[in-house]
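What follows is a short report on a single structure.
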Amino acid sequence: MSWTHEFKEALKNNQDLKDFFGCDFPQVNYPVFIPRVFAAKILEAGPGSPLWNEFLPHIDENKDDGRLDPIGDKVHAKNNQLIHRYENRVLFTPTTVCPVLCRYCFRKNELSAKDEIFDQKFQEALSYLKANSEVNEVIFTGGDPFILSNEKLATYIQEFSEIETVKYLRFHTRTPVILPSRIEEGLIAILQSSAHLFKRSMVMIHVNHVSELTDDVREAILLLNENNIEVFSQSVLLKGVNDSTEALYDLFTALADIKVKPYYLHHSDEARGAMNFYVPLEEGRKIFAPLHNRLPGWALPQYIIDIPGGHGKTPAFNPESFEFSGNLITKNGEKVKII
Ligand SMILES: *Cc1c(COP(=O)(O)O)cnc(C)c1O
Ligand code: SF4
């Protein structure tokens with residue numbers, strides 16, 4: 001089945017879930033979206049498994065603790081599809097559509113399965129990049145950029161390549177894991193041409209548990225690699241999914257074995273509707289620390305945390321101690337309280 005067909009036929013509401021999984025799920029305040037090929041893997045993994053917890057609704061999503069904009073994207077949004085928080089690089093958000101809706105998503109209060117792909121702001125984004133020559137990297141995110149058509153992706157890439165100061169391109173995506181059939185010839189050709197148009201062009205896949213790396217997913221990722229497309233990974237530390245040294249060890253080892261460089265392990269965000277996945281920082285440090293002894297540096301990601309309020313990323317692992325005083329310190333010396 002083509003990936004566009006998989007996308008159209010996805011499970012989209014509680015009735016679809018009930019028909020597919022044969023059990024009831026609570027009505028939650030956030031939309032549901034799971035392609036059937038992926039739902040079959042969740043069903044096989046069964047209730048209580050990491051896959052089940054990541055993607056099936058839980059009543060705790062309706063709790064109202066946590067933050068609506070946990071990492072302060074709105075503080076740095078430019079109203080032109082760009083988020084400019086760090087001097088040299090911007091996030092480019094050409095779509096709010098994802099290949100799946102993850103229950104733990106830190107953007108779950110902004111995304112909606114119903115949103116149409118929008119592009120009227122693109123000319124403004126190009127003008128912004130021309131006027132801000134300190135930006136040398138554009139990071140496609142979303143939503144998920146690989147949900148865009150090949151034509152649209154190729155157009156965006158071509159337009160960015162015409163801005164002389166943009167040297168690096170990146171794609172942040174969950175699609176290779178959820179819809180591996182999307183990694184087809186057309187997309188590979190586009191990514192290869194991107195590698196020629198920029199100094200470097202990289203794909204960063206979002207993956208949290210080794211059980212996401214089924215054979216079809218591994219093949220899709222290896223295909224990228226065989227076509228000289230650099231692949232990195234990002235993972236989020238999530239309660240009930242990968243909150244143990246063993247789970248992270250298995251994940252990073254499996255990634256390294258398919259030639260993916262584990263790039264970041266993000267500490268959980270304090271996102272409203274996703275606090276059931278939150279791991280306290282002190283616990284995260286204890287889980288992460290033993291990995292230094294078991295994995296080489298090239299298979300060990302940086303463990304980082306986004307300081308709430310838009311202050312940006314900072315290392316989460318404190319080699320001096322596991323204890324956490326309750327505050328993170330911003331560049332201005334301001335203390336931000338976190339759990
Ligand atoms: C995380 C992030 C980036 C990417 O940062 P790297 O450390 O280069 O991976 C860029 N812009 C924003 C707004 C971000 O939150
Ligand atoms: S793919 Fe990323 S942006 Fe989309 S729902 Fe999952 S975590 Fe959120």
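Order of listing sets the numbers, starting from 1, for every ligand and every atom in it. For the single chain, residues carry numbers from 1 onward in sequence order.
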Next on the checklist: So that I can check it, does any N, O or S atom in C98 come closer than 2.8 Å to atom 8 (Fe) of ligand 2?
Outcome noted: no

Checklist entry - In terms of side-chain geometry, is the basic nitrogen of K41 or D216 positioned less than 4.0 Å from the acidic oxygen of its partner? => result yes

Item to check | Residues in contact with ligand 1, criterion: heavy atom under 4.0 Å | outcome: I83, R85, Y86, R89, L91, I139, R170, Y263, Y264, K313

Checklist entry - At a non-hydrogen distance cut-off of under 4.0 Å, which region of K108 contacts ligand 2 (side chain, backbone, both, or neither)? => result neither

Item to check | R218/D257 salt bridge by N-O under 4.0 Å criterion | outcome: no

Next on the checklist: Check the orientation of Y263 and F232. Use parallel for under 30°, tilted for 30 to 60°, and perpendicular for over 60°.
Outcome noted: perpendicular

Checklist entry - Backbone or side chain, does C102 get an N/O/S atom under 2.8 Å to atom 6 (Fe) of ligand 2? => result yes

Checklist entry - Among N62, N109, D64, whose side-chain hydrogen bond (donor to acceptor under 3.5 Å, both in side chains) with N29 holds? => result N62

Next on the checklist: Do the side chains of R174 and E54 get close enough for a salt bridge, i.e. N-O under 4.0 angstrom?
Outcome noted: yes

Checklist entry - Other hydrophobic cluster members with F277, side-chain heavy atoms of Ile/Leu/Val/Met/Phe/Trp/Tyr under 4.5 Å, chained? => result Y104, V236, L238, V241

Checklist entry - At a 4.0 Å threshold, what atoms of ligand 2 neighbour a non-hydrogen atom of R174? => result 1 (S)

Item to check | Close approach, R107 and ligand 2, non-hydrogen under 4.0 angstrom | outcome: no

Item to check | Aromatic centroids of F21 and W52 separated by under 6.0 Å | outcome: yes

Checklist outcome for this item: Here the atoms of ligand 2 under 4.0 Å from any heavy atom belonging to V100 are 5 (S)

Item to check | Quiz item: cation-pi between R200 and Y168, 6.0 Å / 45° | outcome: no

Next on the checklist: Quick check with a 6.0 Å cut-off and a 45 degree axis cone: is R89 positioned over the face of Y86's six-membered ring?
Outcome noted: yes

